[in-house]
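Heads up: the structure comes next, in structure tokens.
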Amino acid sequence: MTKKSLPFSADQLEQIAEEFGTPFHIYDQKAIIDNVRALKAAFAWAPGFKEYFAVKATPNPYILKTLAAEGIGADCSSLPELILAERVGLVGEEIVFSSNDTPAQEYIKAKELGAIINLDDISHIDFLDRVAGMPEMICFRYNPGPLRQEGNSIIGKPEDAKYGVAKDQIFDCYLKAQKLGAKRFGLHTMVISNELDPDYFVETARMMFELAVELKRRANIRVEFIDLGGGIGIPYRPEQEAVDLNYLGREIEKVYNKILVPAGLHPLKVAMECGRMITGPYGYLVTRVLHKKEIYKDYIGVDACMADLMRPGMYGAYHHITVSGKENAPCDHMYDVTGSLCENNDKFAIDRKLPGIEIGDLLVIHDTGAHGHAMGFNYNGKLRSKELLLKTDGTVEMIRRAETIEDYFATLDFSRL
Ligand SMILES: *Cc1c(COP(=O)(O)O)cnc(C)c1O
């Protein structure tokens, strides 16, 4: 398969582009809702299953609100993300605060909201206690490091990651927090990113369930929930396959029944904080072709740039491109598709086989619903695009306007020149 489907026809897209102007990210609300329902269904067996959407993936309140209506919470890691969650009406333990290298004011806000605070290090216990007071509920982020037994080789190298508490400190963390007044406990990890093999997550679940049993035996700490983090990948390439959520749910259920139930730890809540797989495939960056140039290679210059989507330029990531209206035309031309930054890595595609492209064509860049608009920056005076929502009733609403030159200058005071 070399095609990816779109939730709009070429005519519809042209109308939307004329009404709102390009470039824009557009999110398919219905597909997002169907997707989170499928995730919840796959974990329906798990007592109190909860998904906390990683806000950093798509920090737009209309997206968060859509998810909140489906019972999805928020995973925040900064003060603005906490405030976003608050502004969409999420409260208390609907929010997990999974930060690292955290300033005092962020802990204070998280505590004030009653969010579940997920500490990243043993030294942060006293820091939190001093600046905000130890909450009743506390969670720790676990970093298995090189100690990881089964499945170690497939999990990458946690020992090189800055995150989380090491194995030899994790027991002391809970005992220390308990001494300072914590009464309820959670356990968290996040060791994988953009992974398409479901067995990695099953292995992570096994590791975490075993750790929960060890915590009970060695420290008499009974955790109330285990948060398996995010990191479920999406098929950016048309030939890749999405993670089978039903398989994932079923396999984690087996491990749950094998490890937690005999240890007397049932019921224990299972949580996740996926970002990418929740919204990623259901967002599209739509951009119009401004220029064509033919030098040593053929270039298509579009009106979007890295400011709107960093992943190709930053990681060399593949994002599929559809030339709107030419879905069935043969891909018999080879192009680099570029933005306007004075950086040669500002390319959405390199040596990509596409149908013949004309100035004025609309290109749809796929899978921009997560870590897309959110990662944008203003280098080179580039302004970030608007965001649109294709709503369940088929209408389109602007859910964030494009940046303006006034926004770009908002932090400058020209009056003292
Ligand atoms: C980024 C992040 C996530 C989400 O990761 P995805 O790859 O988008 O699923 C979840 N939890 C934490 C702590 C993160 O930093």
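Sequential numbering from 1 along the given sequence is applied to the chain's residues. This one's a predicted model, so the numbers in the text were calculated from it and none came from an experiment. As the structure lists them, so they are numbered: ligands from 1, and atoms in each ligand from 1.
Remark: the backbone N or O of Ile232 is not paired with any side-chain donor or acceptor of Glu195 at under 3.5 angstrom.
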Discussion item. Show, in sequence, the C-alpha distance, side-chain angles and deciding distance for His320 and Arg237, and conclude whether the side-chain hydrogen bond (donor to acceptor under 3.5 Å, both in side chains) test is met.
Written reply: CA-CA 6 Å; His320 198 66; Arg237 293 177 182 270; over 6 Å; no
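Protein residues are said to neighbour a ligand when one of their heavy atoms lies under 4.0 Å from it; for ligand 1 these are Ala54, Lys56, Asp75, Ser98, Arg141, Met190, Gly230, Gly231, Glu273, Cys274, Gly275, Arg276, His371.
Between His25 and His373, a ring centre-to-centre spacing shorter than 6.0 Å is recorded. The aromatic ring centroids of Tyr299 and Tyr335 lie 6.0 Å or more from each other. Aromatic ring centroids of Phe140 and His188 lie 6.0 Å or more apart.
Residues that satisfy the salt bridge (Lys or Arg N to Asp or Glu O under 4.0 Å) test with Arg141, not counting sequence neighbours, are absent from this structure.
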